[in-house]
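Heads up: the structure comes next, in structure tokens.
For ligands, and for the atoms within them, numbers begin at 1 and follow the listed sequence.
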Amino acid sequence: MILDGKQVAAERREALKDEIRSSGLSPHLATVLVGDDPASRLYVRLKHEACGKVGIGSAGRILPADATTGDVVNVVRELNRDTEIDGILVQLPLPSQVETPRVLEAVDPGKDVDGFHPCNLGRLLTGSPVLVPATPLGIMTLLDHYRIPLAGRNAVVVGRSVDVGKPLAALLTAADATVTLCHSKTRDLASSTRGAEILVSATGRPRSITAPMVRKGAVVVDVGTGYLDGKLCGDVDFASVSAVASAVTPVPGGVGPMTIVSLLENTLRAARMRRCPPV
Ligand code: GUN
């Protein structure tokens, strides 16, 4: 089975569009892009286009590649104060001279639609999530859509990033899976991945997950967005793995579209919270 993120995201976008229309709200997202990295520019453009499709207003702030931490923090603070803006997204990675944690901590947690502020990551760990990072949220939504059981099952996440691996491990744990978090220093990765009933790879190493690493009947989620010969390519060797797994996400058309729709859902959530904050 193909876990069709493109299709599920399209359905959720339609539902979100209706929800926004009937809410009477006019949510607004602000993006902050520093420098001119072509991939980051593309991702930001896709996010603005997606906003337009569901009735979310969006505006982009662009800073030069030599911007300082202070420059970026000042823009974030302006957006925090701007009563028209419900959600703020600082596109990562930031140039090396910018201290990313200081920037992410400057974002008002109530407008933090990426869910990267320590306050939102902490809420996730303590079991009262408010704004959850979009990629892990999109993966959970996709698994839920296809009714993939998680309780009591062995889930292996490869990659321990703050934006994907760590929050996803927390969400899978909250869903009662038994979670193993693997990373670049894991010894004998294949022996861990072979035990996975749910296997998620988020390393950015193209085609590094091959059939012998996958248990028969596993559900495999590919978060990779690497490039091979100039073509977008996931972490999973789709051709061989799809013969062993019971379900796989394709790249493109799997996790990527789910990430974007989750960001839009977070933006509506942030807009609602500004009118009626959670206690
Ligand atoms: N760069 C790669 N993934 C992400 C993401 O989910 N959010 C932001 N802000 N930047 C990213």
Side-chain angles (χ1 to χ4, degrees), residues 5 9 29-51 56 58-63 65 67 69 72-73 75-76 79-80 85-96 98-109 111-118 120-121 124 129 131-142 157 159-171 200-206 221-227 232-235 249 251-252 254-267 269-270:
L29 174 72
T31 63
V32 179
L33 175 64
V34 185
D36 44 22
D37 174 61
S40 290
R41 270 173 38 188
L42 171 68
Y43 291 140
V44 167
R45 202 189 75 215
L46 291 175
K47 288 167 189 176
H48 284 279
E49 284 173 8
C51 283
I56 293 177
S58 68
R61 298 286 293 263
I62 301 177
L63 282 85
T69 302
V72 187
V73 166
V75 168
V76 167
L79 296 168
N80 286 344
I85 299 295
D86 298 292
I88 301 170
L89 178 144
V90 181
Q91 185 63 30
L92 303 178
L94 292 166
S96 57
V98 178
E99 294 164 72
T100 302
R102 275 187 56 202
V103 172
L104 297 181
E105 285 176 39
V107 176
D108 175 345
K111 294 189 176 188
D112 174 34
V113 287
D114 255 333
F116 294 162
H117 191 287
N120 282 315
L121 289 170
L124 178 58
L131 289 166
V132 174
T135 299
L137 181 60
I139 292 170
M140 297 303 285
T141 304
L142 191 62
V157 178
R160 56 178 154 179
S161 65
V162 170
D163 56 329
V164 184
K166 283 177 186 154
L168 182 61
L171 287 166
V200 183
S201 182
T203 63
R205 283 194 236 121
V221 176
D222 189 348
V223 190
T225 52
Y227 283 86
L232 180 63
C233 182
D235 292 352
T249 63
V251 175
V255 173
M258 292 304 298
T259 296
I260 295 195
V261 80
S262 300
L263 168 70
L264 305 178
E265 290 171 348
N266 275 350
T267 306
R269 181 139 217 239

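Counting only heavy atoms from C-beta outward, the side chains of Ile139 and Met258 never approach each other to under 4.5 Å. Taking the side chain as every heavy atom from C-beta outward, Leu232 and Thr225 approach each other to under 4.5 Å.
Distance from atom 3 (N) of ligand 1 to its nearest protein heavy atom, with residue and atom name: Asp163 OD2, 4.0 Å. In this structure, atom 9 (N) of ligand 1 lies nearest to the protein heavy atom Asp114 OD2, 2.5 Å. Atom 1 (N) of ligand 1 has Leu92 O, 2.8 Å as its closest protein atom, hydrogens excluded (heavy atom only).
For ligand 1 and Val90, the ligand atoms under 4.0 Å from any heavy atom of the residue are 8 (C), 9 (N).
Under a 3.5 Å cut-off, the side chain of Asp36 and the backbone N or O of Ala65 do not form any donor-acceptor pair. Not one N or O on the side chain of Lys47 forms a donor-acceptor pair closer than 3.5 Å with the backbone of Gln91. The backbone N or O of Leu131 lies less than 3.5 Å from no partner atom in the side chain of Asn266, so there is not a single donor-acceptor pair. Side-chain atoms of Asp222 come within 3.5 Å of backbone N or O of Asp235 as a donor-acceptor pair.
Between Leu89 and ligand 1, not a single N/O pair is under 3.5 Å apart. For the pair Gln91 and ligand 1, the shortest N or O to N or O distance falls below 3.5 Å.
At a 4.0 Å heavy-atom cut-off, ligand 1 does not touch Thr259 at all.
The shortest heavy-atom distance from Phe116 to ligand 1 is under 4.0 Å.
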